[in-house]
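Source: prediction; values computed, not measured.
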Amino acid sequence: MTQDGTPIPAATTPWRPTRTVAVILAGGTGTRLGLGIPKQLLKVAGKPIIEHTLAVFEAAPEIDEIVVMMAAGHVPDAERIVQRAGFRKVTTIVEGGDTRNATTRLALDVIGPDDCNILFHDAVRPLVSGRIIRECVNALWTYSAVDVAIPSADTIIQVDDDECITDIPVRSRLRRGQTPQAFRSGTIREAYRRAEGDPDFAATDDCGVVLRYLPGTPIKVIDGTDENIKVTHPVDVHLADKLFQLAAAKAHRLADHRGYTEELTGRTIVVFGGSYGIGQELTDLARRFGARVFPFSRSATGTHVERAEDVEAALKTAFDATGRIDHVVVTAGLLEKGALAEMDAATMDRLLQVNFVGPVTVARAALPYLRQTRGQLLLYTSSSYTRGRARYALYSATKAALVNLTQALADEWAEDGVRVNCVNPERTATPMRTRAFGAEPAHTLLSAEAVARASLDVLLSGLTGQVIDVRRSGDEAAAEPAAAVVPAQAGPERDERPADQVGAGRNAW
């Protein structure tokens, strides 16, 4: 019984929901981010934040239907995202209310009176996991309200109006709330019905409404994750981008050779910089799995990536032979060491032409072919993209430019279904590197084959706009790469030589 003597929805009553509905709360305006658009439309890792969020619920087998409560004036934006992504579970997109509670009420009206499971989730929590969704839905068989939370790593203090501490709660019993919050429909409807009669009603979340107006109702807490952050402040955008980078590093690892053969047979791959190093390993590996691969390079075919006529001729050769181009890969690169002030104009021009103008030239020429197959352009950067390196100034700058180019083109080409990604390998054992730097301990280097296999995983994934780090796993220097984000921080204790297939010579491809 509740405090007013009326019965609460019984958790022991057999629950037979007609369906499970996810309500994506996308009414934020982005004020705290200083944006001119709602924060859920901000692009992270190549896609609007809300698209990432919707994709998780679309893929969750526990979810039957998705309702989007969108910020006022931006329903058409959400409709375009849903249509482009092909989300089939999204049945309704409507404007939300002025407050979180008003939006919940509107969502309940949209869903209707049927007995169903309802999950409310912040659109700007794009890194929610399928595990969390599954556990929330499963918990509703036993409980009528479910929250998601994580332990607090910080000590929480309570203060008075003078900002003086009045209490320090025991941290072990504190949790930081996240979403989704899940309910049996009758429970959340009844809680809001009772709240309507309270002139002092105010709540920041839906579990708070149940806690206040149905106080006898147990609210089960499911373990959330540190990654399930809410993008609210400017720093959150950078954190989310890095978290997506970490997730991307684990993308699409096929279990065996048969899987790669099934995926690659019949595909056409063009590799610029395919004469040796990572480019050659990628060429050989993809061919073994059934792909038709066309490698081009300055040394082997006389192809200069910075020359539009060379690039166009190379692409035409591959297309004429197979009738399609599914992937275009640019491993070509050039490194010349030295202080910027001491470099001559010809050296600087070579660096800029090969490392930046080349990929731009390839991208422009490749788009018409990739548009036909909804294919992918794959570029390569190095750890130097995060922070410029002394005596590698132009090299570092061009590698940073390729990351920016990746993200921009992923955005520009999304409407065409063309994906663009960038691989960031750790220092890699290639003949070019050996000639440039001499013998190095094998356990400190990735093998070119390991980077090539990671590159294939990216090509076969659905990723776009991502920077995928490839890192060694422990002492397994030349084995399969273990992908993880390792922030590239410059320091005197580190060897800051470039991480990919380039070396000290003029032709690194």
Side-chain angles (χ1 to χ4, degrees), residues 1-27 57 62-63 65-67 69 96-123 125 128 132-152 169 173-224 228 230:
M1 303 288 286
T2 64
Q3 291 176 341
D4 63 4
T6 57
I8 62 173
T12 57
T13 301
W15 178 238
R16 296 292 183 267
T18 60
R19 67 197 193 283
T20 297
V21 182
V23 177
I24 305 304
L25 302 167
F57 285 88
E62 298 81 10
I63 302 300
E65 180 183 349
I66 300 172
V67 173
M69 308 301 292
D98 295 333
T99 65
R100 167 67 176 269
N101 303 133
T103 298
T104 296
R105 286 195 173 101
L106 288 172
L108 293 175
D109 290 340
V110 169
I111 293 170
D114 293 348
D115 286 339
C116 60
N117 295 326
I118 305 175
L119 280 71
F120 295 95
H121 184 71
D122 299 324
R125 291 187 187 271
V128 63
I132 291 175
I133 295 171
R134 180 175 62 255
E135 291 190 10
C136 283
V137 175
N138 288 343
L140 288 175
W141 289 111
T142 305
Y143 299 90
S144 58
V146 181
D147 203 355
V148 174
I150 60 175
S152 175
R173 301 185 67 85
L174 298 177
R175 299 291 184 272
R176 292 161 49 203
Q178 300 183 335
T179 63
Q181 293 183 334
F183 307 91
R184 296 181 182 183
S185 55
T187 298
I188 191 65
R189 288 194 188 101
E190 177 63 14
Y192 270 91
R193 185 190 69 78
R194 297 186 182 189
E196 288 178 357
D198 184 354
D200 299 321
F201 168 66
T204 58
D205 69 302
D206 297 309
C207 280
V209 179
V210 172
L211 183 65
R212 180 170 179 178
Y213 297 99
L214 294 176
T217 303
I219 303 174
K220 177 64 174 176
V221 177
I222 297 297
D223 290 335
N228 187 21
K230 185 176 183 181

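- The backbone N or O of C116 sits nowhere less than 3.5 Å from a side-chain atom of T18 that would complete a donor-acceptor pair.
- Separation of atoms CD1 (I188) and CG (N117) is listed at 13.0 Å; rounding is to 0.5 Å.
- Take D122 and apply the salt bridge (Lys or Arg N to Asp or Glu O under 4.0 Å) test, not counting sequence neighbours, and it matches R100, R125.
- The salt bridge (Lys or Arg N to Asp or Glu O under 4.0 Å) check on R105 picks up E196, with sequence neighbours excluded.
- Under the 30°/60° scheme for interplanar angles, the aromatic rings of F57 and H121 are found to be tilted.
- When all heavy atoms of A22 and I63 are compared, the pair lying nearest together is CB-CG2, 4.0 Å.
- Between S144 and T217 the shortest heavy-atom distance is OG-CG2, 3.3 Å.
- Residues A145 and V210 approach most closely at CB-CG1, 4.3 Å, considering heavy atoms.
- Taking 4.5 Å as the limit, every side-chain heavy atom of V128 sits out of range of all side-chain heavy atoms of T179.
- Rounded to the nearest 0.5 Å, atoms CD1 (I118) and CG (L140) are 10.0 Å apart.
- Nearest heavy-atom pair, A203 versus N101, reported as atom, atom and distance to 0.1 Å: O-OD1, 2.8 Å.
- Partners of D109 according to the side chain to side chain contact (heavy atoms under 4.5 Å, CB included) rule, which considers only residues two or more places apart in sequence or in another chain, do not exist here.
- Interatomic distance, CG of L25 versus CE of M69, reported as 8.0 Å (0.5 Å rounding).
- Side chains of Y143 and W15 form no contact here, defined as non-hydrogen atoms less than 4.5 Å apart.
- To the nearest 0.5 Å, atoms CD1 (I150) and CG (L174) are separated by 12.5 Å.
- Under a 3.5 Å cut-off, the side chain of R184 and the backbone N or O of W141 do form a donor-acceptor pair.
- R175 CZ: more than 12 foreign heavy atoms inside a 6.0 Å radius.
- Nearest heavy-atom pair across C207 and I219 is O-CD1, 3.6 Å.
- Contact annotation: the side chain of E190 approaches that of R194 to within less than 4.5 Å [non-hydrogen atoms, C-beta and beyond].
- Residues passing the salt bridge (Lys or Arg N to Asp or Glu O under 4.0 Å) test with E135, sequence neighbours excluded: R131.
- Here the closest non-hydrogen pair linking D223 and V148 is C-CG1, 4.3 Å.
- Once rounded to the nearest 0.5 Å, the distance linking CD1 of I222 with CD1 of I132 reads 9.5 Å.
- Side-chain contact between F183 and C136: absent, with no pair of heavy atoms (C-beta onward) separated by less than 4.5 Å.
- By the 4.5 Å heavy-atom criterion applied to side chains, R189 and L108 are counted as neighbours.
- For T103, the side-chain hydrogen bond (donor to acceptor under 3.5 Å, both in side chains) test picks out no residue, with sequence neighbours left out.
- Here CD of Q178 is found 4.0 Å from CG of N228. Values are rounded to the nearest 0.5 Å.
- Side-chain contact between S185 and I111: absent, with no pair of heavy atoms (C-beta onward) separated by less than 4.5 Å.
- Remark: D200 engages D198, R212 in a side chain to side chain contact (heavy atoms under 4.5 Å, CB included) (not counting sequence neighbours).
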